[in-house]
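Remarks on the structure that follows.
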Amino acid sequence: MISNQVITDFFASGLLLATFLMMGKVRLYQMLRYFALASFLLAGLGLSISFMRGEADFVPAIATVLFKVIFIPLIIYYTARRRPSSHQLRMYFRPATTYILFALALVVSGIIVRNFPLNIEGVEGGVFLFKSLLFISVTLILAGILLIVVRRDLFSQVIGVLTMENGIAAFGLVALGGIPMFLEMGIFFVVIVSTVILAILIDQVHGIYRTGDTENLNELID
Amino acid sequence: MAILIFILFLSTSLLAAIPKQVNQVRLIALAMGVINSLVAFYFLSGPLFSGQILEVGNWLRIDGFSAFMGFLITLLYLFTAVVSHRYIAEEYHEGILNINQIRLYFVLLPIFALAMLTVVMADNLGILWLALETTTLATTPLVAIYRKDGSLEAAWKYIIICSLGISMGLLGVLLISYTGISSGIGTLNSLSLKMLSVNAAKLIPATMKWAFLFTFIGLGTKVGFFPLHTWLPDAHGRTPSPISAMLSGILLNVAFYSLMRIKFITDISLGSDQWTNNFFLTFGIMSVVASAFYLFIQHHYKRMLAYSSMEHMGILAISVGLGPIGLIPAMMHMLAHTLSKSLLFFGSGEILLHEKTAKINKVRNLIRKVPVTASIFVIGMFGLLAVPPFATFSSEIMILSAAVTKGNLVIFFLLLLALTLVCVSLLKHIFTMFNSGDETHQTHEEKPKKEKLNLSHLIMIIQIVLLIASGIFMLTKGGFDFFASIAKSISL
């Protein structure tokens with residue numbers, strides 16, 4: 001019988017690995033698949049943590065799968081399908097450099113978690129699990145920021161924002177044992193609406209510039 | 001009553017989406033704008049003038065500070081609804097906007113105002129965060145509404161940078177909730193501003209420092225503090241002018257309000273306001289000084305006003321950073337900035353309609369071409385530059401006095417120097433736009449048409465009257481006590 005702890009570890013490490021692999025991808029659909037996989041593992045992580053707490057809360061996991069694994073990738077997919085030129089993503093650095101920067105993000109996360117003031121009383125699963133999950137959530141947040149900074153195409157920046165949101169959701173799981181339902185649903189709503197707005201903007205930018213390269217967005221400077 | 005406000009604002013959005021004629025959309029938006037504002041004024045008048053606190057479950061709580069902010073939001077929403085009625089019609093007649101874009105505009109305007117009202121009425125940090133994010137989502141399509149290269153670039157930067165910032169803010173909110181839960185106040189209570197304030201002394205100081213740091217970076221992005229401001233001049237400069245007035249005049253204040261609420265919980269938790277005050281002072285002075293330089297090199301008059309907003313947020317931050325002594329002038333400055341900045345953006349809209357360009361060096365001789373707009377704009381500019389008896393003069397003189405009283409002479413001199421540079425820069429640009437003109441370009445047959453007084457002018461004149469009246473009121477004992485009672489309600 002596999003214990004809850006092992007399942008949680010599996011989802012947590014899988015989430016980190018999927019995000020790591022996503023970082024260097026230069027094709028949109030590949031990147032999107034890894035994002036969907038990371039979101040699926042996040043849903044699994046939330047469910048396994050709820051089992052560890054003896055709550056078996058399926059709603060956030062189902063909502064995560066519906067919104068982040070299905071709807072959001074579909075919105076991005078259909079936007080990209082209209083613009084074939086957007087399928088090849090643009091970066092300031094080579095993929096190898098991006099992976100190195102991700103490794104640096106891991107180090108920074110480690111330092112942050114080490115200095116993070118913990119109140120472990122009442123935390124299920126002990127200090128190690130808590131710190132590991134905190135480490136993963138901080139890494140995801142940094143990875144999201146990294147994607148926005150090192151990529152110079154619109155789609156990657158959207159996925160960067162969504163990855164950062166995954167990190168915050170993971171933090172909610174760690175620190176609060178899950179974000180309160182009204183806030184969780186509100187966040188999903190915000191994420192979906194943001195993605196739709198971003199998709200429309202991407203379409204309009206492509207309509208004008210014929211490319212999604214953010215280097216073209218340089219008219220407004222002082 | 002709070003529910004009625006929500007229903008009214010949302011109905012306005014729905015109703016604006018239905019008509020097929022531009023005039024019908026405009027009329028509905030105007031009529032509903034007036035009704036919504038009157039209901040909201042009535043609702044907020046209790047907490048604002050009698051000091052009572054309204055609570056709706058654990059979700060909404062309206063004290064003096066919330067009511068004051070709600071009053072400013074409603075006032076500006078009313079002004080914007082009236083000015084938009086004219087401005088949007090002009091842009092439609094000139095073929096800049098079509099019926100779909102106009103519907104979108106009037107659908108999103110009440111949602112934007114309602115989201116801001118929700119931010120200031122929320123007792124729950126989760127609701128506050130969601131409402132603040134809704135302001136970004138409601139205004140992004142408005143920034144991109146012209147669908148030109150510059151507007152799309154501005155909208156993209158706006159939504160990406162603000163989403164990034166707001167996500168940091170959410171992290172801060174979750175950290176506050178975490179420390180609340182750790183202190184044993186329960187999951188839902190850990191998001192309640194009231195419960196957090198009551199139990200703030202129990203919150204873990206070290207965690208609260210992290211929480212404040214994240215919320216400061218996150219919400220500071222939305223406020224437009226230097227160096228987190230990069231989206232601000234683009235978004236405010238590219239939006240239809242009435243929306244720029246709301247973005248600059250009140251949205252920045254609303255984000256600042258959220259930051260202040262979290263500051264006061266953090267202060268109680270830390271047992272001192274010194275730590276958070278240092279953040280406000282540092283970012284405040286950086287924002288004022290940086291904006292002074294940006295203003296000097298500005299070539300675009302709407303961006304110029306946007307940078308001036310960054311400067312005023314810096315002044316507000318300095319005021320709050322000076323401690324309790326700076327809170328009363330901070331409240332005054334919020335009112336003064338809301339009125340003066342929206343006035344100038346309404347005026348810039350009129351100039352844009354006439355000149356078809358926002359570039360300073362392409363606008364000349366306005367005092368001759370559009371004398372009504374130009375005269376009101378110049379008077380409004382005096383209001384922004386803190387000339388007595390405008391409200392900005394009263395608030396800024398008190399902020400400077402507070403800096404001296406606190407013995408913070410470095411801040412005093414830096415602020416004074418930066419304000420002088422701001423003043424010189426703005427006057428230089430205004431002089432260029434209003435007076436200088438190459439007379440050889442004007443032939444005898446193109447005599448300027450006589451400008452008539454319009455709805456926007458009327459609103460701007462009302463704002464000037466309010467700016468002067470409130471400036472004088474602030475210097476009276478009654479006025480001082482009124483703002484003192486608002487400032488006091490923050491810490492209760």
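Naming convention: chains lettered A, B, ... in sequence-line order (proteins, then strands); numbering from 1 in each chain. What you are looking at is a predicted structure, and each value in this text was computed from that prediction instead of being measured. Side chains are part of it too, since the values below use all heavy atoms of this structure and drop only hydrogens, waters and symmetry mates.
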How long is the straight-line distance from CD1 of Ile208(A) back to CG of Leu152(B), given to the nearest 0.5 Å? 4.5 Å

Apply side chain to side chain contact (heavy atoms under 4.5 Å, CB included) to the pair Phe189(A) and Thr134(B), showing each step before the final yes or no. CA-CA 10 Å; Phe189(A) 174 76; Thr134(B) 306; 5.6 Å; no

Heavy-atom distances under 4.5 Å only: say whether Leu154(A) touches chain B with side chain, backbone, both or neither. both

Picking from Val205(A), Val193(A), Ile141(A), Val190(A), which has the most non-hydrogen pairs under 4.5 angstrom with chain B? Val190(A)

Highest number of heavy-atom pairs under 4.5 Å with chain A: which of Ile127(B), Asn124(B), Leu174(B), Val173(B)? Leu174(B)

Give the minimum heavy-atom separation between Leu191(B) and Pro180(A), together with the two atoms involved. CD1-CG, 3.8 Å

If you take all heavy atoms of Gly186(A) and Leu130(B), which pair is closest and at what distance? C-CD2, 3.4 Å

For Lys157(B) and Leu217(A), what are the C-alpha separation, side-chain angles and deciding distance, and is it a side chain to side chain contact (heavy atoms under 4.5 Å, CB included)? CA-CA 9 Å; Lys157(B) 283 185 191 167; Leu217(A) 302 178; 5.5 Å; no

Closest non-hydrogen atom pair between Ser163(B) and Val161(A), with its separation: CB-CG1, 4.2 Å

Against chain B, label Leu162(A) side chain, backbone, both or neither, depending on which of its atoms sit under 4.5 Å from a heavy atom there. neither

Distance check, rounded to the nearest 0.5 Å: Leu137(B) atom CG versus Ser194(A) atom OG? 4.5 Å

Should we count OH of Tyr209(A) as having more than 12 external heavy atoms under 6.0 Å? yes

Is chain A contacted by the side chain of Trp231(B), its backbone, both, or neither, given a heavy-atom distance below 4.5 Å? neither

If you count heavy atoms of other groups shown closer than 6.0 angstrom to NZ of Lys428(B), is the number above 12? yes

Which atoms of Ile187(A) are under 4.5 Å from chain B, going by heavy atoms: the side chain, the backbone, both sets, or neither? both

Honestly, the part of Ile168(A) sitting under 4.5 Å from a heavy atom of chain B is both

So how far is it from Glu165(A) CD to Leu171(B) CG, rounded to the nearest 0.5 Å? 11.0 Å

When rounded to the nearest 0.5 angstrom, what distance separates CG in Leu170(B) from CG in Leu183(A)? 6.0 Å

Nearest heavy-atom neighbours spanning Ile145(A) and Met168(B): CD1-CE, 3.5 Å

Got a second to check how far Phe171(A)'s CZ is from Phe214(B)'s CZ, nearest 0.5 Å? 8.0 Å

Looking only at His299(B), Arg303(B), Glu133(B), most heavy-atom pairs under 4.5 Å shared with chain A are made by Arg303(B)

Got more than 12 heavy atoms from elsewhere within 6.0 Å of CZ, Phe293(B)? no

Within the supplied structure, the quantity of interest is the number of heavy atoms (other residues, nucleotides, ligands) at a distance under 6.0 Å from Phe40(A) CZ; does it exceed 12? no

When rounded to the nearest 0.5 angstrom, what is the spacing between CD1 in Ile202(A) and CH2 in Trp156(B)? 4.0 Å

So, the part of Leu164(B) with a heavy atom under 4.5 Å from chain A: the answer is both

Starting from the C-alpha separation in whole Å, work towards a yes-or-no answer on side chain to side chain contact (heavy atoms under 4.5 Å, CB included) for Thr140(B) and Leu201(A). CA-CA 9 Å; Thr140(B) 303; Leu201(A) 281 177; 3.9 Å; yes

Below 4.5 Å from any heavy atom of chain A, which atoms of Ile181(B) appear? Answer side chain, backbone, both or neither. side chain

